[in-house]
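First comes the structure, then the notes that go with it.
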Amino acid sequence: MNVIDFITYFSGITSVPIDLEDHVIPKLVEAKLTDEIYPFYDSKLPPGKLTGHFVQEIIPTDAEGGTKRMATITYGANTDEMQRLAACKEAMSLFDPEHCQVNNQEEYDALVSKIVLPPELVDAVNEDGKVLTDRIAVLQAIAVLFPMAARNLLLPKYQEKKITLEEIAELVELPPFAARYVMSDTWPKTHENLLKLLQHIHQIKD
C-alpha cells in the first residue's frame with residue numbers, strides 16, 4: 001500500500017472521528033511499513049505548532065538475530081486536537097520514499113503552486129527548512145483524519161446552517177481551522193491536487 005492508496009482508503013470512511021491508535025496505526029502496520037508505532041508527548045518541542053519528530057529503528061527481538069522495525073512519533077504540547085493532527089502528520093513519514101524522481105518538473109511545479117494553505121494553517125506548521133514537505137504532510141494528515149466521504153455527508157447540513165464549524169471540529173476531533181479548511185469550497189480540488197502531487201513525488205527511481 002502506498003500513500004495514495006492509504007489516503008484513498010480513509011477518504012471513503014463516513015464514521016468519525018478517525019482514531020490514531022485504533023484506526024491509523026493498525027492500518028500502517030497492516031501495510032507492512034513498520035512493525036510497531038509508539039506516539040509520545042515531548043515537552044521539549046515548542047507548543048502551538050504542528051511540530052513533531054519521527055524515528056524508525058531496527059531493534060533486536062531475540063538472541064538468534066531476529067529484528068523488528070519500531071517507529072517512534074513525538075509531538076509537542078498542544079490541545080488534544082492539535083496533538084492528534086501533529087502525530088498523524090509524523091506518522092505519514094512512513095510513506096516517504098528513500099529515492100524519488102519527478103518525471104515532469106513543470107507539472108510538479110504547477111501542482112505545488114496549487115497547494116496553498118490558509119494563513120492559520122501556515123502559522124501552525126513547523127517552519128524548519130522542510131516547509132514544503134511539512135505542509136504536504138499536514139494535508140495528508142487532514143485528508144486521513146477528516147475523510148472526504150464524511151465531509152460530503154456533513155456538507156448539506158453545514159450549508160443549511162444546521163451544524164456549525166465548531167460542532168464539526170468537535171465531531172472529527174480536529175482544530176477548528178482544519179475543519180474550516182476541509183468544509184471550504186477549495187478543499188475538494190486541493191485534495192485532488194494533493195493526490196496528483198504525491199503521485200509525482202512517489203515515482204520510485206529504478
Side-chain angles (χ1 to χ4, degrees), residues 1-31 33 50 79-96 107-108 110-122 124-125 132-203:
M1 177 180 285
N2 59 35
V3 65
I4 298 147
D5 295 333
F6 192 81
I7 292 173
T8 301
Y9 167 81
F10 280 97
S11 293
I13 296 175
T14 57
S15 179
V16 289
I18 301 295
D19 190 80
L20 191 70
E21 296 196 24
D22 291 341
H23 304 126
V24 179
I25 288 177
K27 198 68 181 174
L28 290 168
V29 173
E30 180 187 319
L33 296 168
L50 291 172
T79 63
D80 289 344
E81 294 79 11
M82 284 278 278
Q83 288 179 173
R84 223 166 73 82
L85 185 54
C88 188
K89 173 188 77 105
E90 294 304 318
M92 299 307 289
S93 298
L94 279 165
F95 287 105
D96 291 348
E107 187 174 349
Y108 173 81
L111 286 167
V112 167
S113 70
K114 294 175 182 177
I115 303 294
V116 179
L117 299 186
E120 61 268 34
L121 242 177
V122 173
V125 171
L132 180 59
T133 302
D134 216 38
R135 291 184 185 185
I136 291 172
V138 171
L139 287 177
Q140 292 177 126
I142 290 174
V144 167
L145 295 176
F146 195 162
M148 185 63 78
R151 181 252 188 205
N152 292 340
L153 199 62
L154 289 165
L155 188 60
K157 291 183 179 180
Y158 175 61
Q159 291 174 332
E160 294 166 11
K161 302 187 185 303
K162 293 180 179 178
I163 189 170
T164 66
L165 273 173
E166 290 73 19
E167 289 170 331
I168 291 172
E170 186 176 345
L171 188 66
V172 297
E173 296 184 4
L174 284 175
F177 61 75
R180 185 181 304 112
Y181 190 33
V182 173
M183 297 307 296
S184 71
D185 293 338
T186 60
W187 176 249
K189 194 63 181 176
T190 299
H191 191 282
E192 179 185 336
N193 287 330
L194 172 65
L195 294 180
K196 288 179 181 178
L197 181 61
L198 291 171
Q199 187 68 51
H200 279 281
I201 292 172
H202 289 262
Q203 290 176 23

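All values below come from the heavy atoms of this structure, side chains included, with hydrogens, waters and symmetry mates left out. Residues take their numbers from the sequence shown, with the count starting at 1.
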(message) For Met92 versus Ala141, what's the shortest heavy-atom pair and its separation?
(response) CG-N, 4.4 Å

(message) Return the CG to CG distance between Leu33 and Asn2, rounded to the nearest 0.5 Å.
(response) 9.5 Å

Listing, residues 146-163 side-chain donor-acceptor contacts under 3.5 Å, not counting sequence neighbours, or none:
from   : atom 1 : to     : atom 2 : distance (Å)
Arg151 : NE     : Val182 : O      : 2.8
Arg151 : NH2    : Ser184 : O      : 2.8
Asn152 : ND2    : Met148 : O      : 3.4
Glu160 : OE1    : Lys162 : NZ     : 3.1

Contacts table for residues 164-177: side-chain donor-acceptor under 3.5 angstrom, sequence neighbours left out:
from   : atom 1 : to     : atom 2 : distance (Å)
Thr164 : OG1    : Glu167 : N      : 3.1
Thr164 : OG1    : Glu167 : OE1    : 3.4
Glu167 : OE1    : Thr164 : N      : 2.9

(message) I need the Asp80 CG to Leu85 CG distance, nearest 0.5 Å.
(response) 12.5 Å

(message) So that I can tick it off, tell me whether Lys27 and Glu30 are bridged by a salt bridge, with the cut-off set at under 4.0 angstrom between side-chain N and carboxylate O.
(response) yes

Kindly list each side-chain donor-acceptor pair under 3.5 angstrom involving residues 5-18, sequence neighbours excluded, with atom names and distances?
from  : atom 1 : to     : atom 2 : distance (Å)
Thr8  : OG1    : Ile4   : O      : 2.7
Ser11 : OG     : Ile7   : O      : 2.7
Ser11 : OG     : His191 : NE2    : 3.3

(request) Please round to the nearest 0.5 Å and tell me the distance separating atom NZ of Lys89 and atom CD1 of Ile142. (result) 11.5 Å

(message) Could you walk me through whether Asp19 and Ile25 satisfy the side-chain contact (heavy atoms from CB on, under 4.5 Å) test, starting with their C-alpha distance in whole Å, then the side-chain angles of each, then the deciding distance to 0.1 Å, before giving a yes or no?
(response) CA-CA 9 Å; Asp19 190 80; Ile25 288 177; over 6 Å; no

(message) Quick check: closest heavy atoms across Phe95 and Val3, and the distance to 0.1 Å?
(response) CD2-N, 3.3 Å

(request) Output, in order, the C-alpha distance, side-chain angles, deciding distance and verdict of side-chain contact (heavy atoms from CB on, under 4.5 Å) for Leu139 and Trp187. (result) CA-CA 10 Å; Leu139 287 177; Trp187 176 249; 3.8 Å; yes

(message) Just verifying a value: how many Å separate Leu194 CG and Gln140 CD, rounded to the nearest 0.5 Å?
(response) 6.0 Å

